[in-house]
Visitor: 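Got a structure for you, questions after.
These figures come from a predicted structure and were not determined experimentally.
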Amino acid sequence: MAVVAPGTATLRKAKKIPVKICLDNPFVFEWKTIDGEDMHFILQTLEDRIKSIGLKKVEAPRQKKRSVAKNQAAPKCDAASKELPKEEETGPQQKPGWTDISIRRQLAIGINEVTKALEKNELLLLLVCKSAKPAMITSHLIQLSASRGTPAGQVPRLSATLAPLLGLTSTLALGFKKPSDQFAEAIEAIISKVPAVEVPWFQHRTEAQVADANTDSSEAEEVEELVTALGDELTGQKRKRTGSSQLHLANVTLQPLKLKKLVPNPNKVKKPPRKKKKAFSA
């Protein structure tokens, strides 16, 4: 048996907490919450429209597995009882799935589906529930909706009101796609109640630029044809930037970047190092 002299035992050194340093965003994005009468109007409009359409997700009934012991202990039925028809079931059973797939395709339900629809610029209106926690899971939708010019707002009790009607457990985000004939009237009524989304680097856009961005596809194609024709003529020549193409930087203010330290799992409780028992000679 190895003998350790008294007072020579050492303790384990505590590990250093890993810290990652990154640049922090100087801008803070927050939803403009729709409260009061506008909130009740939006929820009531959506509730009435969904009830009139009858859109709902029907889940397949779960089959309960009976244990082998119960099957063996159950008394055997008579032959007469086996021949009886099954008339206990009341009403026709609906097939699992959405009641109307064509109407379902006009909606984007859930944060992931809404994010994909915004990236493809397919939404006319976006509503987010205030009960989404943590708030980080919906904060990226503010910049996306602003870049696409999609009206978006945060509505309290959106999930609690619409989820039971749609047959879902939660509805944290609801988007209405552009070919939505069934919700056209509801969208027009709700858009007037939704405040504009504020993102600092989209505020410099003038009304003329917004009007130019909303031109028809036919006009855009004509412009592309002219650009390609001029590009062929100007091959081999240096193109100079015109004054109209330059950004007006007079009203632009630069924000300082800050350093942010990230500590992984800061709430983790670390146990103190174990003390080694001193061995004494017999």
Visitor: Shortest non-hydrogen contact from Gln143 to Val199?
Guide: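 Closest heavy-atom pair between Gln143 and Val199: CA-CG2, 4.4 Å.
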Visitor: Near Lys32 NZ, under 6.0 Å, is it more than 12 heavy atoms from other residues, nucleotides or ligands?
Guide: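 Counting other residues, nucleotides and ligands, NZ of Lys32 exceeds 12 neighbours.
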Visitor: Against Ile109, only a single residue in Leu166, Val114, Leu172 fulfils side chain to side chain contact (heavy atoms under 4.5 Å, CB included); can you say which?
Guide: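 Among the candidates, only Leu166 passes.
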Visitor: So with a 6.0 Å cut-off around CG of Asn112, is the heavy-atom count from everything else above 12?
Guide: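 No, because the 6.0 Å sphere around CG of Asn112 holds 12 heavy atoms or fewer from other groups.
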Visitor: Can you see which heavy atom on Pro151 is nearest to which on Gly149, and at what distance?
Guide: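 Looking at all heavy atoms of both residues, the shortest contact is CD-O, 3.7 Å.
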Visitor: How about NZ on Lys193, more than 12 heavy atoms from neighbouring residues, nucleotides or ligands closer than 6.0 Å, or not?
Guide: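 Yes, NZ of Lys193 has more than 12 neighbouring heavy atoms, counting only those of other groups under 6.0 Å.
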Visitor: What heavy-atom pair brings Ile187 and Phe176 nearest, and what distance separates the two atoms?
Guide: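 Minimum heavy-atom separation between Ile187 and Phe176: CD1-CB, 3.5 Å.
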Visitor: Please name the pair of heavy atoms, one in Leu123 and one in Ala108, separated by the smallest distance, quoted to 0.1 Å.
Guide: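 Scanning both residues, the minimum pair turns out to be CD2-CB, 4.2 Å.
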Visitor: Following the transitive rule for hydrophobic clusters with a side-chain heavy-atom cut-off under 4.5 Å over Ile, Leu, Val, Met, Phe, Trp and Tyr, establish whether Leu124 and Val128 coincide in one cluster.
Guide: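 No: no chain of side-chain contacts under 4.5 Å links Leu124 to Val128.
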Visitor: Is there side-chain contact between His140 and Thr115, with heavy atoms separated by less than 4.5 Å?
Guide: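 Of all side-chain heavy-atom pairs linking Thr115 with His140, at least one is under 4.5 Å.
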Visitor: About how many Å separate CG of Leu158 and CG of Leu46, when rounded to the nearest 0.5 Å?
Guide: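 One finds 7.0 Å between CG of Leu46 and CG of Leu158.
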Visitor: Taking all non-hydrogen atoms of both residues into account, name the closest pair between Ser145 and Val197 and its distance.
Guide: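 For Ser145 and Val197, the tightest heavy-atom pair comes out as OG-CG2, 4.1 Å.
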Visitor: Are any non-hydrogen side-chain atoms of Leu174 and Leu162 less than 4.5 angstrom apart?
Guide: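 A side-chain contact under 4.5 Å exists here.
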Visitor: Looking at Glu185, I'd like to know if its CD atom is crowded, meaning that more than 12 non-hydrogen atoms belonging to other residues, nucleotides or ligands lie closer than 6.0 Å.
Guide: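 No, because the 6.0 Å sphere around CD of Glu185 holds 12 heavy atoms or fewer from other groups.
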Visitor: Considering non-hydrogen atoms only, spot the tightest contact between Thr33 and Lys130 and give its length.
Guide: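 That closest heavy-atom pairing would be CG2-CD, 3.9 Å.
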Visitor: Got a salt bridge between Arg105 and Glu122, using NZ or NE/NH1/NH2 to carboxylate O under 4.0 Å?
Guide: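 Judged by the 4.0 Å cut-off on N to carboxylate O distance, Arg105 and Glu122 do not form a salt bridge.
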Visitor: Would a distance-only check, ignoring hydrogens and angles, find a side-chain to backbone donor-acceptor pair under 3.5 Å from Ser159 to Thr171?
Guide: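 It does hold such a pair.
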Visitor: Would Arg49 and Phe183 count as a side chain to side chain contact (heavy atoms under 4.5 Å, CB included) here? Give the steps.
Guide: CA-CA 8 Å; Arg49 190 55 186 161; Phe183 300 94; 3.8 Å; yes
Visitor: Once rounded to the nearest 0.5 Å, what's the spacing between atom NE2 of His40 and atom CG of Asp38?
Guide: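 Reported value, rounded in 0.5 Å steps: 10.0 Å.
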